[in-house]
Chemist: 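Questions regarding the structure given below will be posed in turn.
The figures that follow rest on heavy atoms only: side chains count, while hydrogens, waters and symmetry mates do not.
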Amino acid sequence: IYKLAASVQAKTLQPNHLLFMQGDEGDAFYWMLTGKCKLFTEFSAVKEVAMRTAYKNDVAAFLGKDLIRGTELGKHLVDVQAGTGFGELSIVDNLHQRSLSCVVSEQAVMLYVNPSLYEGTFKSMHSALSQQEKKIRGLKAIKLFSHWTNASLSHLSYKMELTTFR
């Protein structure tokens, strides 16, 4: 645990901070402790190249734009809340490029986890959480369980696993 704590970096980021842009090299997994971010996707590679070229020598002009409400980063997909990890897709499965752009929308404190640390510690934990979410969605699809809370379905899923492995 000491090695983990020494390897993780915490960053405080202000609103309108561009954390990464679609197409950038994936250099980290992020865990958001506080704040919010917005994820965007740009469907047009031509538009992305044009934007990168236009602002290549004038980073200040790009950073002066309102990225939260603007259209420079493409279509807004989702808001990321505190308690959420993201960015792993670009550091696993040899993708190495960001598939989305991320901009901070409320002051955020994030943990920055490098790829080797993610592989050694967070990957199995993150995978287990994803598996649990899939189980909950599967149970919710059954009419009998559709009105149950996620906590109740999680507990049911756990009990079903215990019964299966006995």
Chemist: Can you tell me if R98 uses its side chain to pair, donor with acceptor, with the backbone of G87 under 3.5 Å?
Modeler: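 Side chain of R98 to backbone of G87: a pair is present.
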Chemist: Rounded to the nearest 0.5 Å, how far does CG of L39 lie from CD of Q22?
Modeler: 11.0 Å
Chemist: Consider side chain to side chain contact (heavy atoms under 4.5 Å, CB included). Of L111, V109, V8, which one does W31 pass it with?
Modeler: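 Checked L111, V109, V8 against W31; only one passes side chain to side chain contact (heavy atoms under 4.5 Å, CB included): L111.
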Chemist: For A28 and Y112, which heavy atoms make the closest approach, and how far apart are they?
Modeler: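 Smallest heavy-atom distance, with atoms named: CB-CE1, 3.0 Å.
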Chemist: side-chain hydrogen bond (donor to acceptor under 3.5 Å, both in side chains) with S146: which residues, sequence neighbours excluded?
Modeler: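 By the side-chain hydrogen bond (donor to acceptor under 3.5 Å, both in side chains) rule, S146 matches no residue at all.
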Chemist: Can you check whether M32 reaches V80 side chain to side chain, under 4.5 Å on heavy atoms?
Modeler: yes
Chemist: Would you mind reporting whether P15 and S105 have side-chain heavy atoms less than 4.5 Å apart?
Modeler: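 No, every pair of side-chain atoms sits at 4.5 Å or beyond.
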Chemist: If you define the side chain from C-beta out and look only at heavy atoms, does anything of L19 sit under 4.5 Å from L13?
Modeler: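 Side chain of L19 against side chain of L13, heavy atoms only: contact under 4.5 Å found.
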Chemist: Angle between ring planes, F86 versus Y30, binned at 30° and 60°: parallel, tilted or perpendicular?
Modeler: parallel
Chemist: I want to check something: taking the side chain as every heavy atom from C-beta on, are M110 and T12 in contact at a cut-off of under 4.5 Å?
Modeler: no
Chemist: Quick one: closest heavy-atom pair of L18 and C102, and the distance?
Modeler: CD1-O, 3.5 Å
Chemist: What is the distance from atom CG of L153 to atom NE2 of H147, rounded to the nearest 0.5 Å?
Modeler: 9.0 Å
Chemist: To the nearest 0.5 Å, tell me how far S152 OG sits from L139 CG.
Modeler: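 Here the interatomic distance stands at 11.0 Å.
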Chemist: To the nearest 0.5 Å, how far apart are CD in Q97 and CG in D24?
Modeler: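 Those atoms lie 8.5 Å apart.
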Chemist: Do K36 and D79 sit within salt-bridge range, that is, some charged N less than 4.0 Å from a carboxylate O?
Modeler: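 No, K36 and D79 are not salt-bridged.
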Chemist: At what distance, to the nearest 0.5 angstrom, does CD of E106 lie from NZ of K38?
Modeler: 8.5 Å
Chemist: Just say parallel, tilted or perpendicular for the rings of F145 and W148, cut-offs at 30° and 60°.
Modeler: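 Ring orientation of F145 relative to W148: perpendicular.
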Chemist: Are any of the side-chain heavy atoms of L77 and F40 separated by less than 4.5 Å?
Modeler: no
